K.L.:
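Starting off with a structure, shown below.
Source: prediction; values computed, not measured.
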Amino acid sequence: MATVQIKIYTHPDEIPPLEGSSFFHGKDLFCMHYGSPGSTPYMFVATDEKGIWLGHLLAVLHRRGRLLPPYLYTTAHVLGEGTYRDDEARREAFPHLLHAVTRHFTHRLCLMLEFSHLSSKMFGYRHFRQEGYVPVGWQNIHNSLHSKAPSERVDEAFLRFIESRREMGVESHEVQTEEEFEAFYTLLRNFYRMKFQRFIPKKAFFKSLCASEHCRLLITRYKGRVIGGCALVYDHNDAYLWYGASRRKSFPRQHPRRMTVWYALNHSYENGKAHLRFMHVGLPFLGHQTRDFLLDFGGKPTSTYRWFRCPIGWVNRIMRWFLKG
């Protein structure tokens, strides 16, 4: 077996050219996090003994705070397993990258490490176990867009409902002005203010998203007020609904969440994407209201794992016992 070497990059100018990189593990997203207060990106690059690139992944450390102890802490998150030269390189390099990520953030007293949105449910199962991670059952949802338009995957009653809201004055479009961006970000911050499980980056991060060719910020308006919005990422042949928020309690008759998701589906279809993948369907243990809502649009659920690890040994053991891991 060839020797795999891992190098960690912490500054954009140091990162070498990365072949075939996806948005979620590319230099563009690295730079967005690098310029956002509260987030510190790390690019882990694997090469063989000759220095030939095998693969890489992007991990981001988030500094967080809350009103209850611990008041200040950090968490690390990796979206997917990274990008690799080929399947053989992925099998060879991923265990080394996983070990490097685990060791790196353990030494930085990171309260929780999380891997999510892996390519398949059982990917890396043995390696995650060996590194002490705890699997948590999760569900993903995606909508197929390659063979039928979104309007062909729902019934007539659904389409009449959408049209009635448009006649009411509800409209959706991309963020176009500074005023709309400020309203979008305010909506997002307020929506997730009391949702401690989600980290919302600072305004600078979403400014960079808005300027990126890979991303679109979408909003839903009613009588001049922004009542819904989401961040849509285009990566290769798929679209990803990354962040979403709405004022569904303040505007129940306008159904801002439904109108925003419907616009995101059609926006993705019109841009030739094969799927729209929802990145945050909901936490386990909290029911499946979000899942049931998204399935109304004709999506398909798939089961998967998210992997968690706490560097504090006794806490991790309790997690494993409680989650039957």
K.L.:
Between F123 and F94, does the ring centre distance come in under 6.0 Å?
P.N.:
yes
K.L.:
Tell me, with the steps shown, if W242 and L209 meet side chain to side chain contact (heavy atoms under 4.5 Å, CB included).
P.N.:
CA-CA 11 Å; W242 198 357; L209 275 183; 4.2 Å; yes
K.L.:
Describe, in one word, how the ring planes of F105 and F44 are oriented to each other, choosing from parallel (under 30°), tilted (30 to 60°) and perpendicular (over 60°).
P.N.:
tilted
K.L.:
Taking all non-hydrogen atoms of both residues into account, name the closest pair between P150 and L145 and its distance.
P.N.:
CG-CD2, 4.0 Å
K.L.:
If only atom types and distance count, is the side chain of R247 paired as donor or acceptor with the main-chain N or O of S250 below 3.5 Å?
P.N.:
no
K.L.:
Of all heavy-atom pairs between S246 and L187, which one has the smallest distance, and what is that distance?
P.N.:
C-CD1, 4.1 Å
K.L.:
Okay, side chain of T177, backbone of E180: is any donor-acceptor separation there less than 3.5 Å?
P.N.:
yes
K.L.:
Would you say F322 and V134 are hydrophobically clustered, going by side-chain heavy atoms of ILVMFWY under 4.5 Å?
P.N.:
yes
K.L.:
Verify the neighbour count for atom CD of E156: are there more than 12 heavy atoms of other residues, nucleotides or ligands below 6.0 Å?
P.N.:
no
K.L.:
Is R258 positioned over the aromatic face of F161, cation under 6.0 angstrom from the ring centre and no more than 45 degrees off axis?
P.N.:
yes
K.L.:
Quiz question: by atom type and distance under 3.5 Å, do the side chains of H62 and S39 form a donor-acceptor pair?
P.N.:
yes
K.L.:
For the residue pair T302 and H142, confirm or rule out a side-chain donor-acceptor distance under 3.5 Å.
P.N.:
no
K.L.:
Under the 6.0 Å and 45° cation-pi test, does R257 pair with F293?
P.N.:
yes
K.L.:
Taking all non-hydrogen atoms of both residues, which atom of E81 and which atom of S119 are closest, and how far apart?
P.N.:
OE2-OG, 2.6 Å
K.L.:
Under the salt bridge (charged side-chain N to carboxylate O under 4.0 Å, His left out) rule, what do E92 and R85 come out as? Steps first, then yes or no, please.
P.N.:
CA-CA 11 Å; E92 185 177 345; R85 187 178 64 197; 5.9 Å; no
K.L.:
Give a yes or no on this: more than 12 heavy atoms of other residues, nucleotides or ligands lie within 6.0 Å of atom CD of E213.
P.N.:
no
